[in-house]
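Chain identifiers are assigned alphabetically (A, B, ...) following the order of the sequence lines, protein sequences preceding nucleic acid strands; residue numbering begins at 1 within each chain.
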2 protein chains.
Amino acid sequence: MSTPKEHEKLSDYISSQKLKQSHKRLTVLKAISASPKRHLTAHEVLALLNKKRSGIGQATVYRSLRLLCDAGVLNELRCEDGSSRYEFASAGSHHDHLICTKCGRFVEVFDPEIERLQDKLFARHGFYPERHKLELYGVCRMCKR
Amino acid sequence: MSTPKEHEKLSDYISSQKLKQSHKRLTVLKAISASPKRHLTAHEVLALLNKKRSGIGQATVYRSLRLLCDAGVLNELRCEDGSSRYEFASAGSHHDHLICTKCGRFVEVFDPEIERLQDKLFARHGFYPERHKLELYGVCRMCKR
DNA sequence: TCGATATTGATAATCATTATCATTTTAACG
DNA sequence: CGTTAAAATGATAATGATTATCAATATCGA
Ligand SMILES: [Mn+2]
Ligand SMILES: [Mn+2]
Ligand SMILES: [Zn+2]
Ligand SMILES: [Zn+2]
């Protein structure tokens, strides 16, 4: 899924920052691409890699996730339990999330009207807008038994 | 600010749960009430108490904050940095927040139209709604130089 | 006042993440 | 191709907010 484009974005960032290409960093990116889950924790990424006996340590996973965010390949979502989840930044650009409190399912949503009303709130209070976080918690269809 | 009412709410909860009244727990509540800051971290509450030589330990602060939330006196806001902030639950009931990324100012906002559109998103995706979190990050008027 | 039970404080433990630092890779250059 | 400076890596220690433990203390109904 959107693999070559993401690799290129990573490559470009590495060049622009005078860093060095590394095989393990690419392996992390590929593991995330190959997973059906689209919102992964560092721990889950590490588990994917261990299953493949990649020999990649957790420090490298954390460092790679950070760098992939800096490169604009991934987005970090800070969860309420203190951990973070990572998703591809490209996929549909900005969106918010419906989150099932039973099974943890993430559903991506976007409502241009809500976005517009948010901008009005910023303006009404004299704020220069930078970003927002909208998370809707509830029980999904599957989990409602 | 809204002190007697909050004390009563705490008292009622303590009775209903067959707990015991404690002087130190009340001191924590009073310190929060007396502070001009309306969205405090546990660390900030502890600092307020230490300034008064209350002899209240941090474990008790954490336990009191938890209990005050259970009693419906306080709301916990989980921040992106991994810490929590506490505000009075009564004050205007539900609202969302504009947060200044420079000075940390919290501005309370409420937009019934946004709330309505959120409910429609829940419904459209077959979710049973439980709660939501909307945080608008930007630079406040004071901080825009 | 007594005794059962809740509260407290000091401190250890937890959990996700970051920092350290010695060792290994990378890649530019000769 | 080797050499080499700089980046990447892994093992592990450290961090920071919060929670758990447990012995000592406070509360409160009988
Ligand atoms: Mn998403
Ligand atoms: Mn508030
Ligand atoms: Zn579900
Ligand atoms: Zn500000």
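In terms of phosphate contacts, S22(A) brings a side-chain nitrogen or oxygen within less than 4.0 Å of OP1 or OP2 of dT9(D). A close approach under 4.0 Å does not occur between any side-chain nitrogen or oxygen of R63(A) and OP1 or OP2 of dT18(C). Residue S84(B) has a polar side-chain atom (N or O) positioned under 4.0 Å from OP1 or OP2 of dT18(D). Under 4.0 angstrom from either OP1 or OP2 of dT18(D) there lies at least one side-chain N or O belonging to Y62(B).
Using a 30° and 60° split on the angle between ring planes, F106(A) and H39(A) fall in the parallel class, below 30°.
Side-chain atoms of K20(B) and base atoms of dT5(C) include a donor and an acceptor less than 3.5 Å apart.
Atom CG of L19(B) is separated from atom P of dA26(D) by 19 Å (rounded to the nearest Å). Rounding to whole angstrom units, CD of residue E80(A) and P of dT18(D) are separated by 13 Å. The nearest whole Å value for the distance from the NZ atom in K24(B) to the C1' atom in dT27(D) is 14 Å. Per the geometry, CD belonging to E44(B) stands 11 Å off P belonging to dT18(D), to the nearest Å. In this structure, the CG atom of L40(B) is 13 Å from the P atom of dT18(D), given to the nearest Å.
With hydrogens and angles ignored, the 3.5 Å screen pairs no side-chain donor or acceptor of K24(A) with any backbone N or O of G57(A). Checked by atom type and distance alone, the side chain of R25(B) never pairs as donor or acceptor with a backbone atom of L68(B) at under 3.5 Å.
With respect to R38(A) and E108(A), no salt bridge is recorded, no charged nitrogen being found less than 4.0 Å from a carboxylate O.
For Q58(B), the side-chain atoms get nearest to dT18(D) when compared with the rest of dT18(D), dA19(C), dC28(D).
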